[in-house]
Protein chains: 2
Amino acid sequence: MKERNPDKSKAAILRAAEAEFAGKGFFGARVDEIAAKADINKRMIYAYFGDKEALYNQVLLNTYSKMEDVENNLIKQNLQGISLIEKIISTYFDFLYNNPDFVNILMWENLNKGSYLNKIEKDIIERKSIKYFITAIESGKSCGVFKDDIDSFQVVLSMITTCFANFSNQYTLSRLFNTDLTSKETIETRKQHTIELITSYLIKEN
Amino acid sequence: MKERNPDKSKAAILRAAEAEFAGKGFFGARVDEIAAKADINKRMIYAYFGDKEALYNQVLLNTYSKMEDVENNLIKQNLQGISLIEKIISTYFDFLYNNPDFVNILMWENLNKGSYLNKIEKDIIERKSIKYFITAIESGKSCGVFKDDIDSFQVVLSMITTCFANFSNQYTLSRLFNTDLTSKETIETRKQHTIELITSYLIKEN
DNA sequence: CCAACAAGTAACCGTTTAGTTACTTGTATT
DNA sequence: AATACAAGTAACTAAACGGTTACTTGTTGG
């Protein structure tokens, strides 16, 4: 019989579940497959997490918290103006490149019309980062670095959407544009171009 | 017994299948449910389309062709410079707003790493519109309307990704930004802002 | 009018899947 | 070392699901 270690088993289940749910969505994911990947008996999933849906919810929470860590780290650096904008875009690109599971799970939520997201407490998901970014752009306007007729809210939305779509649609876009959007090089090019696009819109000419 | 009408039955199956696949993805979609929605006997799905996967492929082709119609219509108008860019963005926003099934099916394809898309013949999906847009931007550079140091390929990619993400991520973004991204008004604001963002990047200042 | 075939039906089958039951075994505490 | 409970196992079940079989019925061309 296998060595007994409940913490290790739970962690293994969560890791396997994240991969399975991210790869196949809630319906496509197989509990038996998660058990096999985690190298534990299926019974333990039900013992530790209840059922498939409860396990999925736990995976979602885990996934969101990773993103929050990255954002909090960014805020701590206290950057301003163009260097902040560059850092935001760069950070999102890097995070999304390194966390395909996060991208997939967000997409799954959108396909379900955000049903799970709407169940969890507002303050868990309402990210202070958005407010921080908007305030930073506003102060960039005040000190004359950014144009003063731009809508900070819209700019932040555009930044996030532009970063995200490169990953959420990488397969269909790769096919459509006949380029490998999954490769490190292509993503780096996209990152630089996105920085150029957003900053050129923001910067006040003299 | 029901009136006999194979064309009507096939069309009903395709319509029901599109809704079912768009809502639940390939794995989540139920053949029995499609049959019920189409109000036909399940046997007919297998008679007309073969199996679940073949039906899904047919739905994919149908979905793409709607998009192609819109794009071909756009190309026919023979627009140039800024008015072309405005029209492209405007057309994508309107199409995506009116065709949520298209958005969902594309997202499912990405979640499945484009597995079905990659099986379809290349020339069916390789859209000439992309080449047309790139060429148009290049000629805008030649006649001095657009900056000459911009990368047309990257600009077209940015246009498409920026439009798409407003719809593919509308639920998570609505939650994150505390705004209703599904409403006509918000989408109109996003459309205008996106036009501003892209054109301000392209236009050559004097 | 009547074969012949296409359109449509109902009941069924083998497999897969989420979830359960009844059981065994390791280990920490006394 | 005996006890007690948590950790882990194997085999099972009921339902769901994709796909099939054997059949009936409407339509059409000679």
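Throughout, protein chains are lettered first and strands after them, A, B, ... in sequence-line order, and every chain is numbered starting at 1.
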Tell me, with the steps shown, if B:Y201 and A:H193 meet ring pair (Phe, Tyr, Trp, His ring centres under 6.0 Å).
-> CA-CA 11 Å; B:Y201 177 69; A:H193 177 262; 5.6 Å; yes
Quick note, A:M44 side chain, CB onward, closest among C:dA7, C:dG19, D:dT9 is D:dT9
For residues 182-194 of chain B, the salt bridge (Lys or Arg N to Asp or Glu O under 4.0 Å) pairs (sequence neighbours left out) are B:D94-B:K191, B:E188-B:K191
- Query: Just checking B:Y48: base, sugar-phosphate only, or nothing, at a heavy-atom cut-off of under 4.0 Å?
  - Reply: sugar-phosphate
**Message:** Taking the six-membered ring for Trp, are B:F167 and B:F93 closer than 6.0 Å centroid to centroid?
**Reply:** yes
A:F27 atom CZ is separated from C:dA18 atom P, nearest whole Å, by 12 Å
Should the ring pair A:F26 and A:F21 be called parallel, tilted or perpendicular, given that the plane angle runs from 0 to 90° and is split at 30 and 60?
-> parallel
Atom CZ of A:F49 and atom P of D:dA7 are separated, to the nearest Å, by 13 Å
Separation of C:dT17 atom C1' from A:I34 atom CD1, nearest Å, is 12 Å
B:A35 and B:N41 have their tightest heavy-atom pair at CB-C, 4.5 Å
Residues passing the side chain to side chain contact (heavy atoms under 4.5 Å, CB included) test with A:K66, sequence neighbours excluded, are A:E18, A:F95, A:N99
Report each atom pair, protein N/O against N/O of nucleotides 10-17 of chain D, whose distance is under 3.5 angstrom.
| unit_1 | atom_1 | unit_2 | atom_2 | d |
| --- | --- | --- | --- | --- |
| D:dA10 | N7 | A:N41 | ND2 | 3.4 |
| D:dC17 | OP1 | B:R30 | NE | 3.0 |
| D:dC17 | O5' | B:R30 | NE | 3.2 |

From CG of B:L55 across to P of D:dG18 the rounded distance in Å is 11 Å
Is the shortest distance from a Lys or Arg side-chain nitrogen in A:E20 or A:K37 to a carboxylate oxygen in the other one below 4.0 Å? yes
To the nearest angstrom, the CD-C1' distance between A:E53 and C:dA18 comes to 13 Å
When rounded to whole Å, the CG to P distance for the pair A:N5 and D:dA7 reads 10 Å
A:K24 atom NZ is separated from C:dT16 atom P, nearest whole Å, by 14 Å
Just N and O in the side chain of B:S9: are any of them under 4.0 Å from OP1 or OP2 of C:dG8?
yes
Here the distance between atom C1' of D:dG26 and atom NZ of B:K8, to the nearest Å, is 15 Å
